[in-house]
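Remarks on the structure that follows.
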There are 2 protein chains.
Amino acid sequence: MDDDDRVFKALADPTRRFLLDLLFARDGRTLTELESELEMSRFGVMKHLKVLEEADLVVTRRAGREKLHFLNPIPIRQVHDRWIDKYTEHHVTALLELKADLEENES
Amino acid sequence: MDDDDRVFKALADPTRRFLLDLLFARDGRTLTELESELEMSRFGVMKHLKVLEEADLVVTRRAGREKLHFLNPIPIRQVHDRWIDKYTEHHVTALLELKADLEENES
DNA sequence: AAGTTATGTGACCTAAAGGTCACATGTCAA
DNA sequence: TTGACATGTGACCTTTAGGTCACATAACTT
C-alpha cells in the first residue's frame, strides 16, 4: 500500500473523518478524550487513530503516559492539488464563495 | 449513505483515482476509451465510473450511443475546505511550493 | 509497592467492496 | 433490417475493512 492509498483509505471512514473534525476544532487531544466523544469502544477509536497516523493525517507527541494527537493538513492539500490546477482553483473558489453568500442571505 | 460518504468512498479506490487522473489530463472520454487504458474488464470500469458519477466527482453527457465523462472539481475543493481554513491554506501552500522548488533544483 | 489510569496487541466475527460473467437494451451504418 | 458497436443489469464469489474482546505493558499517585 503506497502513501496515497493510505490517505484515501483513511478518509473513507466516517468515524475517522469525525476524528479529524474534532482535531480541526481543537488540536492536541488524547485517545481517552477523543473516545469520550464517540459511541465506540476504546479499541475501535484506537484502531482508527492508528490508520490516520499511518496516513500522516494525524501526527502525535508523547507526554508521559499520554499521547497527544494533532491534525496535519499537508496530505489534504496534496489531494486538492492532484485534480485542481491553479486556473481551475480560481473558478471553483469563486463559485463556492458565491454559493456561501447566497445561503447566508437565505437564513 | 450521505453525499460526503459517497465522495470519500469513491476516492478510496486506486482504479477510480486513476480514472480521475485520466479525465484531469483530458475530459469528455467514453467508457470504451477509458477501458482501453486499464487492465480490467469493461464491467469493472463501468462499475467504477458509476460510483464516481453517484459521488458527483464525474458528470456525464450522452451523445448518441456514447456517454462522455467529465471531471467535476467541486467536491474535491469541498474536501479541502473542510479541514483547511484560509489561514492554514496560506502556510501549507507556501510550504508545498518551497518543497517543489527544492526538488526541481535537485534534478 | 499497590492501585489507578492511559495506551497497546492479537485473535476473532460480521458486513461491505472489488471483480467477473451471462445476458440485455439501445444506436449507428450499410 | 441485419450486423456491429456502445452501454447497462443482476447474480455470484473472494478479499478486505470495521468492530469488540481478552490480555498486556507502561506511567502517574499516594
Side-chain angles (χ1 to χ4, degrees), chain A residues 1-23 26-71 75, chain B residues 1-23 26-71 75:
Chain A
M1 178 139 69
D2 64 14
D3 286 359
D4 277 350
D5 217 33
R6 266 187 281 272
V7 171
F8 289 106
K9 286 267 165 58
L11 292 174
D13 182 83
T15 302
R16 289 195 288 268
R17 293 196 297 274
F18 182 63
L19 285 167
L20 293 181
D21 290 338
L22 289 174
L23 294 177
R26 183 166 48 80
D27 257 335
R29 305 203 210 196
T30 66
L31 165 62
T32 307
E33 184 180 353
L34 292 167
E35 177 206 343
S36 71
E37 305 269 354
L38 294 171
E39 305 291 297
M40 197 177 298
S41 79
R42 179 173 61 85
F43 306 99
V45 178
M46 193 161 53
K47 222 171 184 176
H48 285 304
L49 285 172
K50 189 182 180 213
V51 173
L52 288 168
E53 201 176 337
E54 284 172 350
D56 204 35
L57 284 160
V58 163
V59 292
T60 61
R61 199 181 72 224
R62 290 221 68 120
R65 65 179 159 180
E66 294 185 332
K67 187 176 179 182
L68 308 181
H69 298 77
F70 301 86
L71 175 61
Chain B
M1 178 139 68
D2 64 13
D3 286 0
D4 278 350
D5 219 32
R6 267 187 282 271
V7 171
F8 289 107
K9 287 265 165 59
L11 292 174
D13 182 84
T15 302
R16 289 195 289 266
R17 294 196 296 274
F18 181 62
L19 285 168
L20 293 181
D21 290 339
L22 289 174
L23 294 177
R26 181 165 50 80
D27 258 335
R29 307 204 210 194
T30 66
L31 164 61
T32 306
E33 184 179 354
L34 292 167
E35 176 204 343
S36 71
E37 305 270 354
L38 294 172
E39 303 292 295
M40 193 177 304
S41 78
R42 180 173 59 84
F43 307 98
V45 178
M46 194 163 50
K47 223 171 184 175
H48 285 306
L49 285 172
K50 187 179 182 220
V51 172
L52 288 168
E53 201 177 335
E54 284 172 350
D56 204 35
L57 284 160
V58 163
V59 292
T60 62
R61 198 183 72 224
R62 290 220 68 120
R65 64 181 162 182
E66 294 186 332
K67 188 175 177 182
L68 308 181
H69 298 77
F70 300 86
L71 175 60

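Order of the sequence lines fixes the chain letters, A, B, ..., with proteins taken first and strands second; residue numbering starts at 1 for each chain.
For the pair A:Lys67 NZ and C:dG8 C1', the computed distance is 9 Å after rounding to whole Å. The CD-P distance, from A:Glu66 to D:dA27, rounds to 13 Å in whole Å. Rounding to whole angstrom units, CG of residue B:Leu11 and P of C:dA17 are separated by 14 Å. Nucleotide C:dA6 holds its P atom 13 Å from the CG atom of A:Leu68, rounded to whole Å. The nearest whole Å value for the distance from the NZ atom in B:Lys50 to the P atom in D:dT7 is 16 Å. Distance, B:Met46 CE to D:dG10 C1': 11 Å, rounded to whole Å. The separation between B:Leu31 atom CG and D:dG8 atom P is 7 Å, rounded to whole Å. One can place CZ of A:Arg65 at 6 Å from C1' of C:dA6, the figure rounded to the nearest angstrom.
Considering only heavy atoms from C-beta on, B:Asp3 stays 4.5 Å or farther from B:Asp56 through its side chain. For the pair A:Met1 and A:Glu54, the minimum side-chain heavy-atom distance is 4.5 Å or more.
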_Between A:Arg42 and A:Val45, does the side chain to side chain contact (heavy atoms under 4.5 Å, CB included) criterion hold? Intermediate values first, please._
CA-CA 5 Å; A:Arg42 179 173 61 85; A:Val45 178; 5.8 Å; no
*Footprint string (nucleotides 14-22 of chain D, 5' to 3'): B base within contact, S backbone only, - free, heavy atoms under 4.0 Å*: ---SSBBBB
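In the displayed structure, A:Arg62 atom CZ is contacted under 6.0 Å by more than 12 heavy atoms of other residues, nucleotides or ligands.
For the pair B:Arg17 (side chain) and A:Asp4 (backbone), a donor-acceptor distance under 3.5 Å is absent. Side-chain atoms of B:Arg16 come within 3.5 Å of backbone atoms of B:Lys9 as a donor-acceptor pair (strictly under, hydrogens ignored).
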